[in-house]
**Q** 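Pasting a structure here, questions to come.
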Number of protein chains: 2
Amino acid sequence: MRKPEIREKILEFIRHSFDERGYAPTVRDIVKGCNLSSTSVAQHHLNTLEKEGRIHRDPQVVRSIQLMKKDIVEVPLLGAIAAGKPIPVPSSDTWTTPPEETLKLTADMIGNKSNIYALKIKGTSMLDALIDDGDIVVMEAVSTAEDGQMVAVWLKDEQEATLKKIYREPGRIRLQPANKQMKPIYVKPQNIEVQGKVVAVLRRLSR
Amino acid sequence: MRKPEIREKILEFIRHSFDERGYAPTVRDIVKGCNLSSTSVAQHHLNTLEKEGRIHRDPQVVRSIQLMKKDIVEVPLLGAIAAGKPIPVPSSDTWTTPPEETLKLTADMIGNKSNIYALKIKGTSMLDALIDDGDIVVMEAVSTAEDGQMVAVWLKDEQEATLKKIYREPGRIRLQPANKQMKPIYVKPQNIEVQGKVVAVLRRLSR
DNA sequence: TGTTCTATAGAACACTCGTTAAATATAAAT
DNA sequence: ATTTATATTTAACGAGTGTTCTATAGAACA
């Protein structure tokens, strides 16, 4: 008899415990809070939850339950971006090598996306996207995008990277600047390469 | 004999414990980690730290130490901003009334400032500040600002709010748009009213 | 000088904790 | 029907926990 509902209830109770009290519940707290009949029941479900990777516990340690979902995510902060050069895309070892610069973001800013990284913009080549020198652009590393989304594209002929809203039109692609006062440019489909979606833009002032 | 150093060491150890293990240490963990000679010593310093408001503990509860410094701050998210109207400044009850919309930010984004609030921009009247429709501006509610800082000012004569860098010049004040391609405007000192400093700008896309 | 406040020291108490074991119950699979 | 995997029940052990008590020591202060 699979019983996922009771484990969801336990997870919910653990979350509630962190919210209300600031720390994890004990096994016996869970017994009371979820109307279980015995510590063994709780123990059993906690072991299952740990096997499923939903929680982590340190053996023998009181109140050591940790939920695996995070409120703060650290994303790699890649180097400068310059006019006439492709936007840096993280390589496979960029995701693993830790001693790089990172940026802390609240999880609700990026939803539950993965492959997120950030770029620090140098120079004013992105002014038409309302992005200033020093701004930080949060990107999702994807190679496809839906119409209307703000994407980073590499223009092969022009050897230039740019941030625009993308619209597919018959025989051509329209790239629309975020600043609506500026006119769109049109390119041939084979001339562009989508390097990522823009998830957010961040400007820090008054430091 | 005041001994603040040892308490700083204890606080540092607690922080370290949260970072490394994800939960608070026990009294005896602290004894070992800070080379104390007895649980009573740790107990005494923990009681003092709690009196000072630096930590909080629930009596009799294992691993219930909580640091009072927060990693995530919730700031009130005030309503729209429109051309020709002053930028909303939170009133005293805005700070206390909780059931409003809030925005979660990482603490390192705003430093250790207080009186922080956020504005959701409606319309494109702030384009010269590289701020688009839908952007969120994080503000610090102050009435004075240093030269070069990005501030929200209310132009009395024009009955208009705007975001500019402020520079005091002899007999006049220069308001410089963030977009350097645009020209500054000059106003009389008695014509402007500083409503706050811009701490950060935030643009969320691809939702 | 004596008093007061803070810090340190060692020991002990009462209690809660995570864990385990053995037996049983229930559901799914073959 | 038999086997297998999952779920529940009851009970208990031993280790670790926050707390308290008493005693000592030094510094600040009047």
Side-chain angles (χ1 to χ4, degrees), chain A residues 1-70, chain B residues 1-70:
Chain A
M1 189 228 293
R2 277 276 173 332
K3 282 246 181 151
E5 322 92 45
I6 182 63
R7 273 178 225 131
E8 295 306 320
K9 192 175 172 185
I10 289 175
L11 281 177
E12 187 52 45
F13 179 77
I14 295 172
R15 269 183 226 111
H16 175 265
S17 185
F18 273 111
D19 283 351
E20 291 293 302
R21 324 191 57 184
Y23 42 82
T26 65
V27 173
R28 283 167 178 85
D29 286 343
I30 296 173
V31 167
K32 283 172 199 156
C34 299
N35 289 314
L36 305 180
S37 47
S38 158
T39 57
S40 304
V41 179
Q43 193 79 283
H44 171 249
H45 290 302
L46 289 173
N47 287 335
T48 309
L49 284 169
E50 178 142 36
K51 268 178 202 144
E52 292 172 351
R54 320 263 315 253
I55 64 169
H56 175 73
R57 292 206 296 165
D58 287 354
Q60 316 277 2
V61 176
V62 185
R63 297 184 189 281
S64 67
I65 301 176
Q66 298 172 68
L67 295 167
M68 290 292 96
K69 194 188 155 246
K70 286 177 278 178
Chain B
M1 188 226 291
R2 279 274 175 327
K3 281 246 181 152
E5 322 93 45
I6 183 64
R7 273 181 225 129
E8 296 305 321
K9 191 175 172 184
I10 289 175
L11 281 178
E12 186 51 44
F13 179 77
I14 295 171
R15 270 184 226 110
H16 174 265
S17 186
F18 273 110
D19 283 351
E20 291 292 304
R21 322 192 60 185
Y23 42 82
T26 65
V27 174
R28 283 168 178 84
D29 286 343
I30 296 173
V31 168
K32 284 172 199 155
C34 300
N35 289 314
L36 305 181
S37 48
S38 162
T39 57
S40 307
V41 180
Q43 193 79 284
H44 170 250
H45 290 303
L46 289 172
N47 287 336
T48 309
L49 284 168
E50 178 141 38
K51 270 179 201 144
E52 292 172 350
R54 319 264 315 254
I55 64 169
H56 176 71
R57 292 206 295 165
D58 287 353
Q60 318 274 5
V61 176
V62 185
R63 298 184 188 278
S64 68
I65 301 176
Q66 298 173 67
L67 295 167
M68 290 292 98
K69 191 187 158 251
K70 285 177 278 179

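Owing to the predicted nature of the structure, the values given are computational and were not obtained by experimental measurement. Numbers restart at 1 for each chain; the letters A, B, ... are given by sequence-line order, proteins then strands. Just so it is clear, the values below take in all heavy atoms, side chains as well, and ignore hydrogens, waters and symmetry mates.
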**Q** Write down the distance between CD1 (A:I6) and C1' (C:dA27), rounded to a whole number of angstrom.
**A** 17 Å

**Q** How close or far is atom C1' of D:dT6 from atom CG of A:L49, stated in whole angstroms?
**A**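 Between C1' of D:dT6 and CG of A:L49: 14 Å.
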
**Q** For B:V62, which contact category applies under a 4.0 Å heavy-atom criterion: base, sugar-phosphate, or nothing?
**A** sugar-phosphate

**Q** When you check the gap from the basic side-chain N to the acidic O, do B:R15 and B:E12 get nearer than 4.0 Å?
**A**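 Looking at B:R15 and B:E12, the cut-off is met.
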
**Q** Determine whether any donor atom in the side chain of B:T39 lies under 3.5 Å from an acceptor atom in the base of D:dT19, or the reverse, and answer yes or no.
**A**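 A donor-acceptor contact between them is present.
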
**Q** Rounded to the nearest Å, what distance is computed from the CG atom of residue B:D58 to the P atom of nucleotide C:dC17?
**A** 13 Å

**Q** State which of C:dC17, D:dG18, C:dA7 makes the closest approach to the side chain of B:H45.
**A** C:dA7

**Q** Between C:dT19, D:dT8, C:dA7, which nucleotide has the shortest distance from any of its atoms to the side chain of B:H44?
**A**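 The listed nucleotide nearest to B:H44's side chain is C:dA7.
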
**Q** Within a strict 4.5 Å, meaning less than it, do heavy atoms of the B:I55 and B:I10 side chains meet?
**A**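 B:I55 does not reach B:I10 side chain to side chain.
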
**Q** Grab the CD-C1' distance between B:Q43 and D:dT22 for me, whole Å please.
**A** 16 Å

**Q** Which is true for A:Q60 with a 4.0 Å heavy-atom rule: it touches a base, it touches only sugar-phosphate, or it touches nothing?
**A**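 The residue A:Q60 makes sugar-phosphate contact but no base contact.
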
**Q** Hey, does the side-chain of B:R57 have a donor or acceptor N/O within less than 3.5 Å of a partner on the base of D:dG18?
**A** no

**Q** How long is the span from the NE2 atom in B:H44 to the CZ atom in B:R7, to the nearest 0.5 Å?
**A**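 Here the interatomic distance stands at 6.5 Å.
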
**Q** Under 4.0 angstrom, heavy atoms only, what part of the nucleic acid is A:S40 near: base, sugar-phosphate, or nothing?
**A** base

**Q** Tell me: NZ of A:K51 to C1' of D:dA7, nearest whole Å?
**A** 13 Å

**Q** I need the CG-C1' distance between A:N47 and C:dA21, as an integer number of Å.
**A** 14 Å

**Q** For D:dT6, which nucleotide in any strand shown is its Watson-Crick or wobble partner with both distances under 3.5 Å?
**A** C:dA25

**Q** Please give, in whole Å, the distance from C:dG18 C1' to A:D29 CG?
**A** 13 Å

**Q** So A:R28, base contact, sugar-phosphate only, or nothing? Heavy-atom distance under 4.0 Å.
**A** base

**Q** Quick check for you: among C:dA7, C:dC17, D:dT20, whose closest atom lies nearest to any side-chain atom of B:R7?
**A**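 The answer is C:dA7, which lies nearest to the side chain.
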
**Q** Do the non-hydrogen side-chain atoms of A:I30 and A:L46 ever get within less than 4.5 Å of each other?
**A**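 Counting from C-beta outward, A:I30 and A:L46 do come under 4.5 Å.
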
**Q** Nearest nucleotide by nearest heavy atom, which residue falls closer to the 5' end of DNA chain D, B:V27 or A:S38?
**A**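 That would be A:S38.
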
**Q** Rounded off to whole Å, could you give me the CD1-to-P distance for the A:I65 and C:dG18 pair?
**A**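 Rounded to whole Å, this separation is 7 Å.
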
**Q** Is there a side-chain contact between A:D29 and A:R63 (heavy atoms, below 4.5 Å)?
**A** yes

